[in-house]
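Following: one structure in structure tokens, then a few remarks.
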Protein chains: 2
Amino acid sequence: MAKKAEYHHGDLRNALLAAAEEELVDKGPEKFSLRGCAKRAGVSHAAPAHHFSDTEALLQALAARGFARLTDELQALQKTAPPDPRAQLIAAGVGYVHFGINNPQLFNLMFGGHAHQMKYEELQKNGEATFSVLVNSVAKVRGQAAFQTEEGWRDVTALWSLAHGYAQLASGNKMNYVTDRPFDEQRPYIEDMLLRIIDN
Amino acid sequence: MAKKAEYHHGDLRNALLAAAEEELVDKGPEKFSLRGCAKRAGVSHAAPAHHFSDTEALLQALAARGFARLTDELQALQKTAPPDPRAQLIAAGVGYVHFGINNPQLFNLMFGGHAHQMKYEELQKNGEATFSVLVNSVAKVRGQAAFQTEEGWRDVTALWSLAHGYAQLASGNKMNYVTDRPFDEQRPYIEDMLLRIIDN
DNA sequence: GTATTAAATTTACAATGTAAAGATAATTGG
DNA sequence: CCAATTATCTTTACATTGTAAATTTAATAC
């Protein structure tokens, strides 16, 4: 529990993850630098090596953390939402979009990589946890038996795709005609889109 | 029209763009290197500077080219599809997904950046051209008057979001439960999802 | 309290992006 | 047709980066 800058940081791993997110947010994925993260955390440039095998490992850990945070946010939103299944599902969908719009760089990191599944299982696991929030919400609307047919999976796929696509297009400034507006004005449109799928 | 390796390449700009795509595809966005592109094109590592101000400019030009190719593919698909408006729209939507799945790194480059709009207007322009294929297709289904109300824009937003989200989730290995199958097996599901939105 | 281990630093090096200066080919104007 | 100019590419140079190795310092274990 050291306060001053000392030889042993105490919690450098987490500090580096926080620093990496800052670095990512204000320098962008291209200009991102490991040495920059170390500087932000107040340690030498080689210190990260003791906690992350290389830059990629740090970024993947950050992505994994992003999924964990997204899962938490969705669950928190569902707790404050009305308990009926449709409202719960809408809460998750809107929360998903909200997260993407508010964390564009992190969101992109989380979904930008390819073929990293095997290598970083924590990332895989946390991603699946997020996914299961959605799946469970659909199950509560459609009934558990839905997933014995393929229709339940189609619902999940369509809902997830819709929310995800909107989130990325919005956060990437590809739909300025709608995303120039504050989020609370977008919310009814998002809800409407999601409901169109739920209500077939 | 020189064949042998000579001092003046003749068409280095295009050769570099082709090299950059190769480099991106088989090294990935992290390990991507400008010097690697130069080597692939068979020129010195400083040659690219005469055609692109920096690495970012090369990547943005590649993204712009990606949008141009996507637009072409969509229009080509629409020419072979049945002429009725719904089939035309479906062709564009399915083609969009197909492009994303077959060009995951390029697709990600095209949609991964942020705040580059002002700087690289060709990218902006080509992106809008792709977008207009979708908009026009929706207009032909709904009637031109649709865009005087907000409902037409909602259709566009929902369709685009759905296609885009599916494409990215699929190409990022986040939906293996469906994307492990060959594309022709996915096609009817994709069409079904798009139709669900078109048919309200 | 010493030995061992963990956590950080310092040093070193190869790879990269980019700038500057030089070399070579293409083009232009007479 | 030839000199001069311009465009295109190379060579050289340098700061930044990622990562490995050796070293130092603190924490832990016996």
Side-chain angles (χ1 to χ4, degrees), chain A residues 1-63 105 109 112-113 116 119-120, chain B residues 1-63 105 109 112-113 116 119-120:
Chain A
M1 310 294 179
K3 281 278 177 182
K4 293 201 63 176
E6 288 163 7
Y7 206 98
H8 281 46
H9 185 286
D11 193 21
L12 184 53
R13 192 189 142 90
N14 284 318
L16 281 172
L17 285 167
E21 186 166 358
E22 283 181 29
E23 176 89 359
L24 183 65
V25 167
D26 64 61
K27 299 219 291 183
E30 325 283 331
K31 313 278 180 188
F32 179 93
S33 121
L34 182 61
R35 283 166 112 109
C37 297
K39 186 162 287 180
R40 281 174 201 270
V43 294
S44 81
H45 68 264
H50 297 270
H51 299 273
F52 302 98
S53 60
D54 57 7
T55 304
E56 188 186 357
L58 171 57
L59 286 173
Q60 298 302 319
L62 182 57
Q105 302 90 347
L109 177 68
H116 290 312
K119 217 167 167 187
Y120 301 98
Chain B
M1 308 299 177
K3 279 280 174 180
K4 294 200 63 176
E6 289 163 7
Y7 207 99
H8 281 48
H9 183 285
D11 193 22
L12 184 53
R13 193 189 142 89
N14 283 318
L16 280 172
L17 286 167
E21 185 166 356
E22 284 181 28
E23 176 89 359
L24 182 66
V25 166
D26 64 60
K27 300 219 290 184
E30 326 282 332
K31 312 279 181 187
F32 178 94
S33 122
L34 181 60
R35 283 166 111 108
C37 298
K39 186 163 288 180
R40 283 173 200 269
V43 294
S44 81
H45 66 264
H50 296 271
H51 298 274
F52 302 99
S53 60
D54 57 6
T55 304
E56 188 185 358
L58 170 58
L59 286 173
Q60 298 302 318
L62 181 58
Q105 303 90 346
L109 176 69
H116 291 311
K119 220 168 168 188
Y120 302 97

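We use all heavy atoms of the structure for the numbers below, so side chains are in, but hydrogens, waters and symmetry mates are not. What you are looking at is a predicted structure, and each value in this text was computed from that prediction instead of being measured.
Considering only residues two or more places apart in sequence or on other chains, B:Ala63 meets the side chain to side chain contact (heavy atoms under 4.5 Å, CB included) condition with B:Leu109, B:Met110, B:Leu123. Annotation: side chain to side chain contact (heavy atoms under 4.5 Å, CB included) contacts of A:Arg40 (sequence neighbours excluded): A:Ala19, A:Glu22, A:Glu23, A:Asp26, A:Lys27.
Taking every heavy atom of both residues into account, A:Cys37 and A:Ala20 meet most closely at SG-CA, 3.6 Å.
Between the side chain of A:Gln105 and the main chain of A:Gly28, no donor-acceptor pair closer than 3.5 Å is present.
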Please table the atom pairs, donor to acceptor, closer than 3.5 Å between any side-chain atom in residues 46-54 of chain B and protein atoms at least two apart or in another chain.
residue, atom, partner, partner atom, Å
B:Asp54, OD1, B:Ala57, N, 3.0

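What separates CG of B:Leu58 from C1' of C:dT16 is a distance of 15 Å, to the nearest Å. In this structure, CZ of B:Phe52 is placed 16 Å from C1' of C:dG17, rounded to the nearest angstrom. Rounded to a whole Å, the NE2 atom of A:His50 is 8 Å from the P atom of C:dT9. Regarding A:Lys39, its NZ atom lies at a distance of 13 Å from the P atom of C:dT9, rounded to whole Å.
Using a 4.5 Å heavy-atom cutoff, the side chains of B:Glu30 and A:Leu59 are in contact.
Contacts of A:Ala47 with the nucleic acid, taken as non-hydrogen atoms under 4.0 Å apart, include base atoms.
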Give me the distances for all protein-to-nucleotides 15-19 of chain D N/O pairs that come in under 3.5 Å?
residue, atom, partner, partner atom, Å
D:dG18, OP1, A:Leu34, N, 2.8
D:dG18, OP2, A:Leu34, N, 3.0
D:dG18, OP2, A:Arg35, N, 3.0
D:dG18, N7, A:Arg35, NH1, 2.3
D:dG18, O6, A:Arg35, NH1, 2.9
D:dT19, OP2, A:Thr55, N, 3.0
D:dT19, OP2, A:Thr55, OG1, 2.9
D:dT19, O4, A:Arg35, NH1, 3.4
D:dT19, O4, A:His45, NE2, 3.3

